[in-house]
J.: 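Quick one: the structure is below, questions incoming.
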Amino acid sequence: MKKTLILLACAITLLVGCKKNSNENCNEKQFVYNVEKFADLEILRYEVPDFDSLSLQQKKLVYYLTEAALHGRDILYDQNCRYNLQIRNLLETIYTAPDGIVDRNSEDFKAFEVYLKRVWFSNGIHHHYAGDKFVPEFSREWFHRQATNPEWHYGAVGEDGEEGQKALAELMELEDVIFNPEILPKRVNQAAGEDLLLTSACNYYEQGITQAEAEAFYNAMADPSDTTPVMYGLNSRLERRDGQLVENVAKCDGHYGEKIQQIVYWLEKAAAVAENDQQKAVIEQLVEYYKSGDLRAFDEYSILWVEDLNSRVDFVNGFIETYGDPLGKKASWESIVNFKDLKATHRTELISQNAQWFEDNSPVAAEFKKPQVKGVSAKVITAAILAGDCYPSTPIGINLPNSDWIRHLHGSKSVTIQNITDAYDKAAEGNGFAEEFMWSDAEVQWAKKWGNMTDNLHTDLHECLGHASGRTLPGVSQDALKEHHSTLEEARADLFGLYYCADPKIVELGILTDPDAYKAEYYRYMMNGAMTQLSRIEPGNNIEEAHMRNRQLVANWVLEHAKDSRAVEFRKKDGKTYIVVNDYQELRKLFGQLLAEIQRIKSTGSYDEAKALVEKYAVKVDPELHKEVLERYSKLNIAPYKGFVNPVYVPEYEEDGVTIKDIKVTYTEGYAEQHLRYSREY
Ligand code: ZN
């Protein structure tokens with residue numbers, strides 16, 4: 001299973017919302033998670049708890065790595081489209097023009113401001129997720145007037161002679177790219193039958209190189225007998241020189257050399273304050289790779305990195321994910337700096353250490369249990385900076401490296417980023433979601449108190465125990481359930497987690513302090529699976545994605561089997577549909593029954609039963625309920641996409657002005673302020 005960025009789980013956490021009474025805690029200094037909203041986006045802020053508890057050396061390490069992260073910013077802009085940096089510069093110049101020059105009160109200016117903020121969000125002129133070029137809602141005439149204002153103008157525009165002519169031509173070209181929908185309409189074109197390179201705006205291949213040429217180039221490079229192949233093409237731009245295709249490799253004295261030299265400068269400072277020899281070796285090997293551009297050196301770095309499990313501070317910095325290249329070869333640049341969340345990691349370790357107890361006591365039939373089970377100990381991290389392709393929009397988990405043979409021989413690191421999921425949860429408080437969809441104030445209040453904690457616990461149980469539990473009978477193939485495998489596998493892991501969220505053992509281990517806390521997760525799970533996740537499905541569509549199918553399967557199966565006991569049911573109030581849980585312990589029994597059933601189906605490889613379950617409960621959508629959910633959801637005006645501003649790390653110096661004596665983290669920088677500063681400093 002090759003998995004890179006974990007994005008799905010955010011759908012879980014995003015759906016927990018509850019309202020904070022603004023009169024409450026007015027003496028307490030509250031962290032402000034919501035920054036601003038525009039277009040289809042919301043900007044949030046994340047906290048870096050426990051940064052102050054790091055040693056000075058660790059703080060320096062984090063600081064140097066964050067500088068190395070931020071220095072790569074322009075690489076991604078350029079990778080996304082060859083005009084991005086020029087356009088960003090043009091827009092920022094107009095945006096920051098002296099007062100009285102640009103008409104800031106006009107509707108055009110407001111639309112222009114939104115456009116610039118979207119460019120920052122997407123690291124370019126195409127939507128970060130959909131990949132389509134934005135349509136500006138300000139006029140080209142207005143824009144041209146601002147840029148060519150004789151009292152102040154962009155670059156050499158308006159000057160006499162050749163310089164002025166050239167500058168004007170450049171301005172017009174950028175205007176064409178911004179305003180003409182025919183030019184570079186898509187960042188990554190995936191439509192079959194078209195030349196994917198000629199029709200994509202991304203900048204990994206020089207203009208004019210065809211898909212067939214690029215494919216032939218890389219096919220010739222690959223050696224099928226190599227059992228440890230590098231990821232060919234990962235860190236380069238394919239260009240044409242004297243009629244020949246050549247790779248322009250990213251390295252200190254190559255492509256993006258100026259930026260990479262800065263990154264290396266800060267990585268070398270980081271290596272000097274590494275926590276231990278192994279971590280030092282990781283950083284030095286990365287520097288080595290940035291100097292040579294050799295992908296073998298990158299693989300060596302990846303192996304050292306994946307084997308460094310003891311350091312508190314960790315980071316990703318490099319050309320990692322290939323979603324931005326229609327051929328899936330070339331990686332966008334990204335960086336995340338983080339450190340281990342000791343408390344949350346302790347939680348996953350506790351769960352893992354008790355894996356055998358959980359296996360032995362599950363409601364699954366004895367013959368389908370694992371006699372010897374090893375829990376997976378997931379690392380939970382706190383992000384300290386997001387950069388490149390992880391900023392402003394970010395994953396909530398990381399599973400790297402991507403090289404298949406390294407994963408196979410050396411394993412992978414899988415982490416969840418808890419301060420980011422916390423920020424999503426906290427920012428959703430007050431968006432009205434819980435009030436709209438939860439049955440009564442009691443559920444809203446319980447979610448507010450326990451929702452975040454029990455949702456994280458459920459994810460831990462799912463990851464650390466659920467997938468690792470159970471055994472397949474001898475002779476049964478691992479993929480006997482074929483296309484329904486993923487749905488049932490996710491359902492099995494979810495149900496294992498749900499069953500144990502409510503177990504006294506969890507309180508006994510000290511993970512939860514209130515034996516009723518689990519009710520928050522039970523209610524949320526049923527509401528989401530049976531109703532609110534439908535807000536992400538287009539009208540008329542079925543459910544296709546495996547995690548979503550699993551959630552509806554669980555919720556609908558339980559609702560049907562609770563008909564007699566009425567442990568959980570749909571109820572109407574003022575014409576609206578709600579989930580009502582009447583008996584939580586009975587609900588737990590039903591989760592246990594379905595777990596036993598699904599484990600039996602998996603253990604025996606019963607394809608027909610798997611198919612029947614999925615088709616009956618997981619795929620089809622009740623059109624009436626779907627319509628109702630979409631209507632209620634749209635009234636809440638919740639932005640579909642979210643991203644972040646970073647905290648700012650401020651070193652404090654000794655009197656000599658050089659020696660760092662402490663580093664403080666601050667959270668006051670605004671969205672536009674941050675991007676303008678990044679453009680100046682990086
Ligand atoms: Zn899973």
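The analysis underlying the following values was restricted to heavy atoms, covering all of them including side chains, and did not include hydrogens, waters or symmetry mates.
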J.: Is it possible for you to check whether R632 lies under 6.0 Å from the centre of the six-membered ring of Y578, through NZ or CZ, and within 45° of that ring's axis?
T.: yes

J.: Could you walk me through whether S122 and R187 pass side-chain hydrogen bond (donor to acceptor under 3.5 Å, both in side chains), step by step?
T.: CA-CA 11 Å; S122 293; R187 180 162 57 82; over 6 Å; no

J.: More than 12 heavy atoms of other residues, nucleotides or ligands under 6.0 Å from CD of E538: yes or no?
T.: no

J.: When you measure from the side chain of R551 to the backbone of N528, do you find a donor-acceptor pair of N or O atoms at a distance under 3.5 Å?
T.: no

J.: For side-chain hydrogen bond (donor to acceptor under 3.5 Å, both in side chains), just list the numbers for N399 and S412, CA-CA rounded to whole Å, side-chain angles, deciding distance to a tenth of an Å, and then say yes or no.
T.: CA-CA 7 Å; N399 189 332; S412 62; 3.2 Å; yes

J.: Could D314 and K340 be called an ion pair, given the rule that one side-chain N must be under 4.0 Å from one carboxylate O?
T.: no

J.: Walk me through whether R524 and D455 qualify under salt bridge (Lys or Arg N to Asp or Glu O under 4.0 Å).
T.: CA-CA 9 Å; R524 188 203 61 80; D455 192 19; 3.7 Å; yes

J.: Near Q372 CD, under 6.0 Å, is it more than 12 heavy atoms from other residues, nucleotides or ligands?
T.: no

J.: Determine whether the side chains of K379 and T345 contain a donor N or O and an acceptor N or O closer than 3.5 Å.
T.: no

J.: Out of the candidates Y33, Y424, Y391, only one should pair with F644 under the ring-ring contact (aromatic ring centres under 6.0 Å, His included) rule; please name it.
T.: Y424

J.: Specify the closest pair of heavy atoms between M526 and V568, including all atoms of both residues, with the distance to one decimal.
T.: CE-CG2, 3.9 Å

J.: I'd like to know if E609 pairs up with R600 as an ion pair, taking the criterion as any Lys NZ or Arg NE/NH1/NH2 lying under 4.0 Å from an Asp or Glu carboxylate oxygen.
T.: yes

J.: Any donor-acceptor pair under 3.5 Å linking the side-chain atoms of Q445 with those of D441?
T.: yes

J.: Could you tell me whether the side chain of N354 and the main chain of W357 form a donor-acceptor pair under 3.5 Å?
T.: no

J.: Could you tell me whether the side chains of Q353 and E349 share a donor-acceptor contact shorter than 3.5 Å?
T.: no

J.: Between side-chain atoms of residues 612-619 and protein atoms elsewhere (two or more places apart, or another chain), which donor-acceptor pairs fall under 3.5 Å?
T.:
{"from": "E615", "atom 1": "OE2", "to": "K611", "atom 2": "NZ", "distance (Å)": "3.4"}
{"from": "K616", "atom 1": "NZ", "to": "E560", "atom 2": "OE2", "distance (Å)": "3.4"}
{"from": "Y617", "atom 1": "OH", "to": "E560", "atom 2": "OE2", "distance (Å)": "3.0"}

J.: Using the side-chain contact (heavy atoms from CB on, under 4.5 Å) rule, take F368 and L473 through it: C-alpha gap first, then chi angles, then the decisive distance, then the call.
T.: CA-CA 7 Å; F368 307 135; L473 292 186; 3.9 Å; yes

J.: Is it true that a side-chain atom of N431 and a backbone atom of A428 form a donor plus acceptor pair closer than 3.5 Å?
T.: yes

J.: Keeping K635 on the side-chain end and L630 on the backbone end, is there a donor-acceptor pair under 3.5 Å?
T.: no

J.: Parallel, tilted or perpendicular: which describes the rings of Y522 and Y584, with under 30° parallel and over 60° perpendicular?
T.: tilted

J.: Looking at A383 and I420, what are the two nearest heavy atoms and their distance?
T.: CB-CG1, 4.3 Å

J.: Can you list the steps and then say if K627 with E624 is a salt bridge (Lys or Arg N to Asp or Glu O under 4.0 Å)?
T.: CA-CA 5 Å; K627 186 162 166 265; E624 281 299 302; 5.7 Å; no

J.: Would you find a donor on one side and an acceptor on the other, under 3.5 Å apart, between the side chain of T454 and the backbone of Y518?
T.: no

J.: Is a donor on one side and an acceptor on the other found under 3.5 Å between the side chain of E569 and the backbone of L559?
T.: no

J.: Any side-chain to backbone donor/acceptor pair from E545 onto H547? Under 3.5 Å, distance only.
T.: yes

J.: Can you list every pair that meets ring-ring contact (aromatic ring centres under 6.0 Å, His included) and has a residue in residues 394-417, with sequence neighbours left out?
T.: none

J.: Begin with the C-alpha distance, continue with both residues' side-chain angles, and end with the deciding distance and a verdict on side-chain contact (heavy atoms from CB on, under 4.5 Å) for W557 and Q593.
T.: CA-CA 10 Å; W557 187 95; Q593 273 174 31; 4.0 Å; yes

J.: Quick check: closest heavy atoms across N452 and D422, and the distance to 0.1 Å?
T.: OD1-OD1, 3.2 Å

J.: Look at the rings of H462 and H458 and say which category their plane angle falls in: under 30° parallel, 30 to 60° tilted, over 60° perpendicular.
T.: perpendicular

J.: Which heavy atom of Q211 sits nearest a heavy atom of E194, and at what distance?
T.: OE1-O, 3.5 Å

J.: Is there a donor-acceptor contact under 3.5 Å from the side chain of E42 to the main chain of A639?
T.: no

J.: Can you see which heavy atom on L498 is nearest to which on V554, and at what distance?
T.: CD1-CG1, 4.4 Å

J.: Taking atom types as modelled, is there a side-chain donor on R536 or N541 under 3.5 Å from an acceptor on the other?
T.: no

J.: What distance separates I511 CD1 from L461 CG, expressed to the nearest 0.5 Å?
T.: 7.0 Å

J.: Between R571 and N582, what is the shortest heavy-atom contact and its length?
T.: NH2-OD1, 3.1 Å

J.: Could you tell me if K329 sits above the aromatic ring of Y232, with its cationic atom closer than 6.0 Å to the ring centre and no more than 45 degrees from the axis?
T.: no

J.: Can you spot which of I543, L594, D494, L495 makes a side chain to side chain contact (heavy atoms under 4.5 Å, CB included) with L553?
T.: L594

J.: Just say parallel, tilted or perpendicular for the rings of W446 and W450, cut-offs at 30° and 60°.
T.: tilted

J.: Within the distance-only criterion (no hydrogens, no angle test), does the side chain of Q356 pair as donor or acceptor with the backbone N or O of V373 below 3.5 angstrom?
T.: yes

J.: Is it true that a side-chain atom of K413 and a backbone atom of D308 form a donor plus acceptor pair closer than 3.5 Å?
T.: yes

J.: Applying salt bridge (Lys or Arg N to Asp or Glu O under 4.0 Å) to K448 and E429, what does each step give before you reach the verdict?
T.: CA-CA 8 Å; K448 180 175 167 180; E429 291 181 359; over 6 Å; no

J.: With sequence neighbours excluded, what pairs up with H127 under the ring-ring contact (aromatic ring centres under 6.0 Å, His included) test?
T.: Y641

J.: Report the C-alpha separation of E628 and K576 in whole Å, then their side-chain angles, then the decisive distance to 0.1 Å, and conclude whether the salt bridge (Lys or Arg N to Asp or Glu O under 4.0 Å) test is met.
T.: CA-CA 8 Å; E628 182 194 322; K576 293 176 178 177; over 6 Å; no

J.: For I381 and T416, run side-chain contact (heavy atoms from CB on, under 4.5 Å): C-alpha distance rounded to whole Å, both residues' side-chain angles, the deciding distance at 0.1 Å, then the answer.
T.: CA-CA 6 Å; I381 60 170; T416 54; over 6 Å; no

